[in-house]
Each structure stands twice: as structure tokens, then as C-alpha cells.
Amino acid sequence: MEASFSGISNGKNKVFHAGGVGLQGHQLDMQILPDGPKSEVDFSEILNAIQEMAKDVNILFDELEAVNSPCKDDDSLLHPGNLTSTSEDASRLEAGGETVRDRNKANGLYFRDGKCRIDYILVYRKSSPQTEKREVFERNIRAEGLQMEKESSLVNSDVIFVKLHAPWEVLGRYAEQMNVRMPFRRKIYYLPRRYKFMSRIDKQISRFRRWLPKKPMRLDKETLPDLEENDCYTAPFSQQRIHHFIIHNKDTFFNNATRSRIVHHILQRIKYEEGKNKIGLNRLLTNGSYEAAFPLHEGSYRSKNSIKTHGAVNHRHLLYECWASWGVWYKYQPLDLVRRYFGEKIGLYFAWLGWYTGMLFPAAFIGLFVFLYGVTTLDHCQVSKEVCQATDIIMCPVCDKYCPFMRLSDSCVYAKVTHLFDNGATVFFAVFMAVWATVFLEFWKRRRAVIAYDWDLIDWEEEEEEIRPQFEAKYSKKERMNPISGKPEPYQAFTDKCSRLIVSASGIFFMICVVIAAVFGIVIYRVVTVSTFAAFKWALIRNNSQVATTGTAVCINFCIIMLLNVLYEKVALLLTNLEQPRTESEWENSFTLKMFLFQFVNLNSSTFYIAFFLGRFTGHPGAYLRLINRWRLEECHPSGCLIDLCMQMGIIMVLKQTWNNFMELGYPLIQNWWTRRKVRQEHGTERKINFPQWEKDYNLQPMNAYGLFDEYLEMILQFGFTTIFVAAFPLAPLLALLNNIIEIRLDAYKFVTQWRRPLASRAKDIGIWYGILEGIGILSVITNAFVIAITSDFIPRLVYAYKYGPCAGQGEAGQKCMVGYVNASLSVFRISDFENRSEPESDGSEFSGTPLKYCRYRDYRDPPHSLAPYGYTLQFWHVLAARLAFIIVFEHLVFCIKHLISYLIPDLPKDLRDRMRREKYLIQEMMYEAELERLQKERKERKKNGKAHHNEWP
């Protein structure tokens, strides 16, 4: 980590080593024994060494703090010439005179005086009928110590903006109540003593590294020095121990995100009317007293000057240049900046998304390898060769009347395409993806622990949540004591809760039945359409009737999916409100579970049908099973059902991701463009430039009402596509990887440029989504086992190679052992045994000049002249037993591997555990030393004043 400090020139270029951190400043060689037990350290030697170096250390720290300490206030990390920099001392502000104040007023981030920074914005309309409640609320805001200014909109005089500012006294008081952790001591790691020989080697290695190419994915920290995050010990803020904290400027000690969070905390606890439950900003937003409430963005995200030469204008501009810009799509995300600007909850989402995207690289590489393995072995595949050469094998029609007889060689292309996905590496890839899902989740827990440590979330606990207003209004008559707060609160009876849950579960079951009905409609469409396409005038469609049926059915299914998603959101909202959850987190978890269940079933129901039911229950020629005794169930293509499953997954995945990306970015872009267009038409283009920041942000789109729900849901559904049926579509991880690379920048661009700044909120993990991911990982093992055993031809080929092929009994299973497999997998049917309604119009004379007597179909059945015509052969039962055995062995093996990996990978890295213990110990020592130093100073002052007492401690 290298921090370059601009604006300071010492004339020296020396390095201070502190735990591998290189800082440009004066040279200081600190050689102290490594950390270890106190019993093994000679403290007298350490004390002497510290005394000898104290002068140099103080000089070093003074100069580092004067230059640009990494623990300095948040805004001090910006370029000195930016519009929003407020980290200058009061003396510098006065020296600037009215210039700084005028500049602050011009950028729309301050009050009219140019001193008080705007921490929060409330918006209301003068025509709103809730005037009295709003006036009481604003009087109580002033009573809490918040400062307030009002501005009328330049576009609409009916719209009023209320600007709020929290002075230092208010911030300090509520920061202590909220246990906001702030820096109080810089982390310093000393290198152990090294010999001169080792130092020379290190210098030679460092010189050699300069010639090596830099890592292109890392952000350029030399041209962007603002990317370094604080590296300080933190503790809950306390006004009594304020002298312990690093405070360079009270105006910027709390960063903008923290200030907004404190102001929002205050607004949620201010009354607007007499009454026990008449409290909080959320209720005023619900009843229309206020139209909007949001913190401000830190100015424009664009600048005329280059960020590399002039620095970042503000943090928003910095995020746009190094995160949301398309030019940095291959770079790592600056998660510390994201967290500092948007809060820990949004930072954790992008950390998880980045981790998921990074873990997709090995999965995409292996999936691509499986596909390329199928391409390279295509010419050596005995099965596809036999299909392509089977010009004398005539297949039975796949539908009633209109479908003609066809040669098996006509499906040569589909047999080759099937081999690309269903080959010898497919089983290995299915096992790999099941293990990959476990490794991804286990290592994410470790990554989350590191992030939680770096972001001071280890000891953070959520506050006791407020009760939802709807819950209070419904159950205000019944109260009981809260065991935590000891205060009376509304209470929901157990019988009432159970009855509501039963009704909600019934609604969920009904909606799942609606999904099944939609799938049933798609099945009927496929059955009816295949006959229609078989009689089509165009030869291209007539000869590829099954593929045309599958393609159109998938597109129609996608449209149904998108329409039902709109319905499911309303139903899930209705059912969740019907349950009357007590708190917002309970409401969010209940809504999340319902929406995921609805959308998961809606998205994957057709895929499950194609994977496990298509062509499995059709009967055989002459005795077809029919739907409502009318429509003959659809059969698989002569090359197998896997090609249908591949088409289903590929089309749905591409269309869904394309639609989601358009709705996430395209829809806000169009809305914001339309708003700007109306402003230009009404007020001209010149007036828009003078709009203050609060009006610009008000014209942006608000963040989704459900927070990050849509972003998480999209990725979780994609994770399901990537793992559940990956054995049938090995390219799914590659498509997911390409989408996520775009998704990260789309989401970043949306948050930085198209949405109002969301309130910075804290979170320790991704919540209920982790449990859903674990459930998908378990389901993926089961589904992939069934896909390999039932949908693909892996098991039938294996049984043929070892039991019925040329190598039977020899223990071999190469391509030479598959000779004759295609013929052995097809049964014979006598055409005269067709039912009247199934008999084709053509007699097949176009193949040999005479009417056909026999045709072939995919199954293991006896020929028509046997003792039991069309009965199952012994090979069928061998294949069935092998399939069941494979499912059991595959599931148990993979689950054992998953549990073993979960056991072997600890949730907390060992070095992090040691760092946490070490830091806890050092913090205790520092706090003790600081308190002891304060007591000694007080004792000396009392002695000087003649107020010393005997037997005084210490």
C-alpha cells in the first residue's frame, strides 16, 4: 500500500516501514522485537529503544499528520482544489474570505451562509393538507438542536425543500447514543529486526519488481491517492473521552454518510402529533406530509479536468471515475469508497457481487473446457457417427397424422450439438459445480468476516427495531411488556398469528398452482403446435418442426414469466401485509421469501418439465398416452431431450438478463431524460445549470422501495440457473460471468448517476439470502444427479459399454465399445399397429419406393413378433437400476465432499483471528495508558494549585 501525498515536498525520498506500509516522508528504521508473550520480551530494552527514538517518532508523526494522514477526516482525502472540500482549518477558511463561502453557496451543498453543510433534505408541497402535523414536526426538529432552512423550487413554486444541518453538539450527543465507532489511534505495525544482508536483498528485489508489469486489475493508487482507507483503531464515540479520538476538524470528523445517518436517526424519533404512536419521519412520508426525504449527493459526478491531473472534485466524482465508468470494467472495485459513500449495507452487496463474479471465473473456465472438449472429440464420437451414417434407419413420426417418417441421419446436426454438452466430462463438471457452490459459500463467509473486521462490524449489533405503524394500528388495544426495553408494546395473539400464516400459506400454494397451470398451457401449446409446424408450407419449418416448437414455446414462456412476475409482486405484498409482521426486518424477510419462491418456481417450472417429464410418459407407438384423451404427449427429439433443455436454459437466461439490465439502467435513464426535457422546454437550457444540488437530486429517481431486493433477487436466480441444471448447459457460468461484469458497472452507474443518494445503513451480512443460497446449493446436487441419470444418455451408454457392447465383460468403455449403441437403443414398431388417429398420412414410400412395414423409436422394448409384444426388455431394467444407483451414489458422494469442505474451511481466517485478539489487547492497553496519563496530568495540576491530598492514587 503506497500513499502519495501531493502538495508537500521534503526534498527527500525515504520510506517508513510500518507493517508493510510504505509512506513517503522521513526515514526511520524501527527495529523492535516481534509481537509475542510478555514473558519472552525484555521490556527494559524496549523502553530504552523507545526513549531513543521518541524524538524521531514524534517528528515523523507530526509531519505525516501535517501532510495527509490516512486517519484524517473524510473530506480531507479529496483534492485541495475541489468544490466540496471542507477539511481546511478555520484559519484557512477565514483567510479565503468570502471566496470559500461564495463557492460553498454556489455548489448547493451548504446553507446560505456558506458554513453549515446540508446533512438532509425534506421535500413537501405547500398544497399538502398535512400542514399542522408538518409544523409540529419542524418545531420539534429545532428543539432537538437541528438547524433548518427552506428553499422554494426553481421549477415549481409549490415544492418546498427543507435543508437540515446538525451542529457538532447534536452529532456528538447522538453519535454516543448510537455507538458510532470513530478512530482514536493509528494502527502501526513494526517490522522485526533485520540484518543488513537481508535488507540489501530486499532492496535488490524491490528494484527488480519495478521492471515487472503492474497488475492491470488493481486501481492506480499513485494517480488516485484518495483510494486509501483509514487504518485506525476505532471505538464507540464518547464525549467524556473525546480527547482520545483523532479530531483535526470538528466539521469533518463525522463524514457525510455518518452525519446523514445521525440526522435520519433523529428524525425517526421526533413527534409530529400528540399521541404515543405519532412519531417518526416514515409515518409522515406515508401520510403525504412530506413527499421525499434523502441525503444529498456530493456535487456533480463529472468534471472538465482529468482526475489524474487535477484530482477528484468530490467523492461522487471519484466513484464515477474509478468504479462506475465503463473504462474501468476490468478493475477491482474500490469497496472502501463505496462503503464510505453509500454505507455498509450497499458496500456488502457489491462486495458479495464482486466475490461471486470472481468465483465464476474458474466455473466458467471449466464449463468452457467441457464444451471445447465436446468440440474436439466430436469427430471421434461413435454415437454421433452412427446417427449421421444411419440413412437406412427410418424413425416413426413424432406426432399424429401430419408428421412424416424421417431418417435417423436427418438428426445428425442435433446429435453433434448434443455431444457438445453431453460428453464424458459432463459428470466431472457436475461434481465440480456442486463442490464449487460449497467452496463459494464457505469462502464468502471468510471474506465477509474480513470485511466486517475492516469496516468495524464485528461487534456491531442492530438496534432494537421500531414496531411497524401498521402493526401498532392493528394491535394497539392489546399490550404486553417488551422483555428488552421493559416498555409496553402492542401484542399479537398466537391464534391470530397462526390463522394469518395459514391464509398466507394457502395463498402461496394457490399461486404455485397458477404457475403449474401456466406450464400446463405451455405443454398443450407444444403438443398442438408440433403438428401445425409439421404441416407448414415452408420446408425449413416443416423439416425442423420440433426445434421451431421448442423455440417459440420458450419465448412464449418467457413472456408469461415476466407477466406473472408483476402479479406475484402484488400477491406477495398482499400476503406479507396480511401476516402483519412486527418489525421492518421481519416484513422484509417474509416478503423476500415469498418473492423468491414465486419467481423461482415461475422461472424454473418449465425447465423442470423439460428436464424430467418431457418424453418420459408418452407410451409407445400404437399405445400413446394422451392429455385429456385428446392430445398426444410430446416426444423427445431422436437425438434426445437434452437439446430441448439446452435451448430452454440458453434462451431464458439470455433474455432474462438482457431484460433485467434494460429495466435497471434503461428505465431510469429514460425517466431522467424525460424530466430534463420537460425542464428545458419550460425554463430553457441556461437555467438548468444554476440548479442547486438538492433540486438536481430531487429530479433523480428514488431508490427502489424494497432497497436492494431486486438486485439480490436477480443474482440469486442467476445463481440457481448456474448451478441447478449446469450439467445440461455447461456454458451457464460463462454467460453469468459476462453478465455480472456488465452488471457491476450497471449497478454502479445507476447508484452514482441515476438514483438519489440512498441513506447509508449498516449491516453485518447479506441476511436471509445466504440461507437461500445454501438451499439452492443442496437442490443443485439433487437436480444435477437426476439430469445426468435421466435426461442425458450417460447411463445408457455406460450400461451398453460394460454389459451389451463389443467390450462387454472386459472392463473397458472407450469409443470402440460404443459400436452398435444407436441400433441397440432403438426399438422396432410395426406400422400396421398404429391407432387410427395416429396413423400418418404418408406411407413412407418416398424412402424405398414401397410402403414401409416397420419404423424405429427410442425405447427398450421387445419387437412386435415376440411373445410379449412391446414389453420392456432386460436392458431397460438394467439401465433403470443403473440410473437409480448413480443418483444415490452421486448424491451421497457429493454431499460428503460438501460437508467435508465445510468442516475443513473455518469461517474465520487464522490471521484475522490473531489480529482481532491482538487488537483487542492493544486497545485495552491504549485506553488504560490514556486514562492513566489523564489522571497523572490532573494530579500534577492539583499539585500546582496546592490541592494535593495524601494517599492519592496513582
*Fit a plane to each ring of Tyr749 and Tyr320, take the angle between them on a 0 to 90° scale, and name the class: parallel (under 30°), tilted (30 to 60°) or perpendicular (over 60°).*
tilted
_Any donor-acceptor N/O pair, Thr376 side chain to Tyr373 backbone, under 3.5 Å_ = yes
*With no hydrogens and no angle check, is any side-chain donor or acceptor of Asn740 less than 3.5 Å from a backbone partner on Glu743?*
no
*Pair Lys898, Ser902: side-chain N/O donor-acceptor within cut-off below 3.5 Å*: no
*Report yes or no: does Ser303 contribute a side-chain atom to a donor-acceptor pair with the main-chain N or O of Val313 at less than 3.5 Å?*
no
*Judged by atom type as modelled, is there a donor-acceptor pair below 3.5 Å linking the side chain of Arg261 to the main-chain atoms of Ser761?*
no
*Side chain Asp907, main chain Lys445, donor-acceptor under 3.5 Å*: no
*Examine the side chains of Tyr349 and Asp747 and answer whether a donor and an acceptor come within less than 3.5 Å of each other.*
yes
*Looking at Val338 and Gly347, what are the two nearest heavy atoms and their distance?*
CG1-CA, 4.1 Å
_Side-chain (Asp765) to main-chain (Arg448) donor-acceptor, under 3.5 angstrom_ = no
_Donor-acceptor pair, distance only, cut-off 3.5 Å: does the side chain of Thr783 make one with the backbone of Ile724?_
yes
*Residues His315 and Tyr301: side-chain donor-acceptor under 3.5 angstrom*: no
*Using 4.0 Å as the upper bound for N to carboxylate O, is an ion pair formed by Glu298 and Arg757?*
yes
*asked:* Strictly distance-based, threshold 3.5 Å: is any side-chain N or O of Arg446 a donor or acceptor partner for the main-chain N or O of Pro906?
replied: yes
_One pair to check against side-chain hydrogen bond (donor to acceptor under 3.5 Å, both in side chains): Thr607 and Asn604. What are the steps and the verdict?_
CA-CA 5 Å; Thr607 310; Asn604 293 283; 4.7 Å; no
*Between Trp329 (side chain) and Ala324 (backbone), is there a donor-acceptor pair under 3.5 Å?*
no
*Is it true that the side chains of His419 and Thr377 contain a donor and an acceptor less than 3.5 Å apart?*
yes
*asked:* Name the residue from Phe342, Tyr356, Trp323 that meets the ring pair (Phe, Tyr, Trp, His ring centres under 6.0 Å) definition with Phe350.
replied: Trp323
*Taking Thr426 for the side chain and Phe421 for the main chain, is one N or O donor matched with an acceptor at less than 3.5 Å?*
yes
*Ion pair present between Asp336 and Arg340, side-chain N to carboxylate O less than 4.0 angstrom?*
no
*asked:* Is it the case that the side chains of Asn255 and Thr258 hold a donor-acceptor pair, with the cut-off being a distance below 3.5 Å and no angle test?
replied: yes
